[in-house]
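To start, the structure itself, in structure tokens.
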Amino acid sequence: MNRVFLEAAYRLELQKDLTKAWNLVVTALAAHKISHVIYVVRDDGPVPNWFVLSNLPDSWPKPLTHDPNFNEPFVARCCATFEVSKLGTIFLENHEPYIDDQTRDYVTTVSEFDLHAGLGIPCTLKGANRYGGFILGNNSKRHGFERSIMPLADQLQTFCLIAHRKFDECRVAGAQAETRRRLSAREHQVLELIAAGHRPKAIAQTLSLSEASIRLYIKNARLKLGVSTNGEAISRFLQ
């Protein structure tokens, strides 16, 4: 990687805040004439959960993710392999054999934000519980984009993989901090003991509390964590 990416990667390693990490990535990419950046990841489950970072106006397409029918074309179509894809209206003809009207409308909407040419860089592939990556672009014409951005494709892919790992790390740390904030000190303590294999009766004796109190702490912790069983509570707590 060139010096700009190397320095940004080093600073990313030291960063613990997601917003600051995102700003570091956007700044490093802007130095290479990449003005538009979207990071989009899908967490699979009964109801898909989308995580989006974007420097487009109003963080587009983040508002779309509230629609249960939302389907991000890059994530849906380009995350089957780690191959970097050319995206945007300029390269739409490359994808004509398999795109649908929804995808065509989506790409047209992106162009309204002055993103006409882009690269789709998968960071995690379909088949994992969480998959997605980066869309990087600008308002270049085809020749200008292929001359100035395409030679950087390998470096961009490496940098995006580093950024993705850091974003994931920050998200996990943030979720753990949120869990700690939501639970009371006693609920946290009881779940730690449950996770260590102790039964409510033994925990009650250890903490000099009634078994009924311990079970109430467990019940309240389940409610705060949004789960219905002790096993789910422990899993969410440990995550």
Side-chain angles (χ1 to χ4, degrees), residues 11-25 38-54 58-59 61-72 75-76 79 123-134 161-239:
R11 293 172 64 194
L12 272 174
E13 287 298 317
L14 304 178
Q15 190 54 253
K16 299 185 183 301
D17 180 81
L18 178 60
T19 300
K20 292 179 180 178
W22 166 249
N23 289 335
L24 275 172
V25 170
I38 302 172
Y39 173 75
V40 56
V41 173
R42 171 180 164 128
D43 294 315
D44 264 345
V47 179
N49 179 47
W50 293 89
F51 178 75
V52 175
L53 297 171
S54 170
D58 299 321
S59 296
K62 189 172 183 177
L64 299 181
T65 63
H66 300 301
D67 182 348
N69 296 318
F70 175 67
N71 187 31
E72 211 291 327
V75 175
C79 288
C123 294
T124 310
L125 302 186
K126 294 174 71 172
N129 289 332
R130 178 184 300 141
Y131 56 96
F134 284 83
L161 288 169
I162 293 170
H164 167 72
R165 179 176 56 80
K166 174 53 65 172
F167 292 168
D168 242 11
E169 182 182 303
C170 290
R171 286 181 67 193
V172 169
Q176 290 173 338
E178 178 61 25
T179 296
R180 288 194 292 271
R181 284 194 295 269
R182 289 163 65 185
L183 298 176
S184 70
R186 186 66 86 183
E187 290 161 354
H188 194 282
Q189 184 181 30
V190 169
L191 283 185
E192 280 187 326
L193 292 169
I194 289 286
H198 300 286
R199 308 290 294 177
K201 185 175 181 179
I203 296 172
Q205 292 173 347
T206 300
L207 301 181
S208 299
L209 296 170
S210 69
E211 187 175 347
S213 295
I214 299 301
R215 294 189 181 281
L216 182 60
Y217 285 127
I218 296 171
K219 178 181 178 181
N220 289 340
R222 288 202 308 266
L223 291 172
K224 290 181 179 180
L225 294 174
V227 298
S228 58
T229 69
N230 289 354
E232 291 173 329
I234 296 305
S235 177
R236 182 70 58 84
F237 176 73
L238 293 176
Q239 289 173 0

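Here the structure is a predicted model, which means the values were calculated and not measured.
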For [X] against [Y], the heavy-atom pair lying closest together:
X    : Y    : result
L125 : Y131 : O-CB, 3.3 Å
A233 : L225 : O-CD1, 3.7 Å
P61  : V52  : CD-CG1, 4.0 Å
F70  : L64  : CB-O, 3.3 Å
C79  : G132 : SG-CA, 3.8 Å
Q15  : A21  : CG-N, 3.7 Å

Pairing of E187 and R222 as salt bridge, 4.0 angstrom limit: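 Salt bridge flag = no for R222 with E187.
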
Electrostatic pair D44:K126 at N-O distance under 4.0 angstrom: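 No, this pair does not count.
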
Within a strict 4.5 Å, meaning less than it, do heavy atoms of the [X] and [Y] side chains meet?
X    : Y    : answer
N230 : I194 : no
L207 : I214 : yes
V40  : W50  : yes
L53  : V25  : no
R42  : N49  : no
V41  : T124 : no

Short side-chain to backbone donor-acceptor contact, S210 and S213, under 3.5 Å: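 A pair under 3.5 Å: yes.
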
Polar contact flag, side-chain donor to acceptor under 3.5 angstrom, T206-H198: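 Note: T206 and H198 side chains miss the donor-acceptor criterion.
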
Rounded distance (nearest 0.5 Å) linking atom CG of L18 with atom CG of D168: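 The distance works out to 10.0 Å.
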
Value rounded to 0.5 Å, distance of CG in L193 from CD1 in I203: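 One finds 5.0 Å between CG of L193 and CD1 of I203.
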
Whether Y39 and F167 hold their rings parallel, tilted or perpendicular, with breakpoints at 30° and 60°: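 The rings of Y39 and F167 stand perpendicular, inter-plane angle above 60°.
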
D58 atom CG, over 12 foreign heavy atoms within 6.0 Å: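 Open: at most 12 neighbouring heavy atoms sit under 6.0 Å from CG of D58.
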
Atom CZ of R11 with >12 non-hydrogen neighbours under 6.0 angstrom: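 12 or below, so no.
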
Derivation and outcome, side chain to side chain contact (heavy atoms under 4.5 Å, CB included), residues F134 and I38: CA-CA 6 Å; F134 284 83; I38 302 172; over 6 Å; no

Stacked cation flag R171 on F51, 6.0 angstrom / 45 deg: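 Judged by the rule, R171 and F51 form a cation-pi pair.
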
